Amino acid sequence: MRRAGLGEGGSGNYVASGYSVYEEENEHLQEGLRAKVNALKSLSIDIGTEVKYQNKMLDDMDSDFDSTGGLLGATIGRVKQLSRGSQTKLLCYMLLFCFFVFFVLYWFIKLR
């Protein structure tokens with residue numbers, strides 16, 4: 001089966017050279033696309049690595065918060081036990097001391 005313009009004579013060379021121009025253009029576009037795909041692949045791998053790192057950090061923070069919550073719960077239990085007794089003066093001193101410590105920490109962080 002013959003293609004149009006690819007017959008014998010001089011016009012066939014012109015059409016063949018037109019095909020080579022299109023082939024070169026396709027090769028050039030294909031290389032550009034390949035570079036973009038490689039860049040996207042690299043970016044997605046970097047994102048995956050960052051997500052794994054962030055998940056590990058969140059798991060570590062979760063365990064730290066759990067341990068701190070247990071410590072805070074025990075402290076609140078002791079404060080409740082103190083409040084049941086007749087030592088209200090001691091409770092007031094302890095609350096004032098806690099406010100003082102928080103104020104000093106706030107002031108220290110603010111100056112930083």
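FYI, side chains are in, hydrogens and waters are out, and symmetry mates aren't considered; it's all heavy atoms of this structure. Not measured: the values here are computed from a predicted model. Residue numbers start at 1 and run along the sequence shown.
For V51, the side chain to side chain contact (heavy atoms under 4.5 Å, CB included) test picks out I47, N55, with sequence neighbours left out. When the salt bridge (Lys or Arg N to Asp or Glu O under 4.0 Å) test is applied to K36, no partner is found at least two apart in sequence or on another chain.
The CG atom of L96 sits 13.5 Å away from atom CZ of F103, with the distance rounded to the nearest 0.5 Å.
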List, one per line, each side-chain donor-acceptor pair under 3.5 Å for residues 68-76, sequence neighbours excluded.
from : atom 1 : to  : atom 2 : distance (Å)
T68  : OG1    : D64 : O      : 2.9
T75  : OG1    : L71 : O      : 2.9

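More than 12 heavy atoms of other residues, nucleotides or ligands shown are found within 6.0 angstrom of CE on M57.
Cluster partners of L111, by chain and number: W107. The rule joins Ile, Leu, Val, Met, Phe, Trp and Tyr whenever side-chain heavy atoms lie under 4.5 Å apart. Through direct or indirect side-chain contacts shorter than 4.5 Å among Ile, Leu, Val, Met, Phe, Trp and Tyr, I109 is connected to no other residue. In the hydrophobic clustering (ILVMFWY side chains linked at under 4.5 Å, chained through shared members), L105 is joined by F97, V101. Residues F100 make up the rest of the hydrophobic cluster containing V104, defined by ILVMFWY side-chain heavy atoms closer than 4.5 Å, directly or through other members.
For T49 (side chain) and I45 (main-chain N/O), a donor-acceptor pair under 3.5 Å exists by modelled atom type. Side-chain N or O atoms of S44 include one that pairs as donor or acceptor with a backbone N or O of K41 at under 3.5 Å.
Residue pairs meeting the salt bridge (Lys or Arg N to Asp or Glu O under 4.0 Å) criterion with at least one partner in residues 44-56, sequence neighbours excluded, are K56-D60. Applying the side chain to side chain donor-acceptor pair (under 3.5 Å) test to every pair with at least one member in residues 24-33, sequence neighbours left out, gives these pairs: E31-R34.
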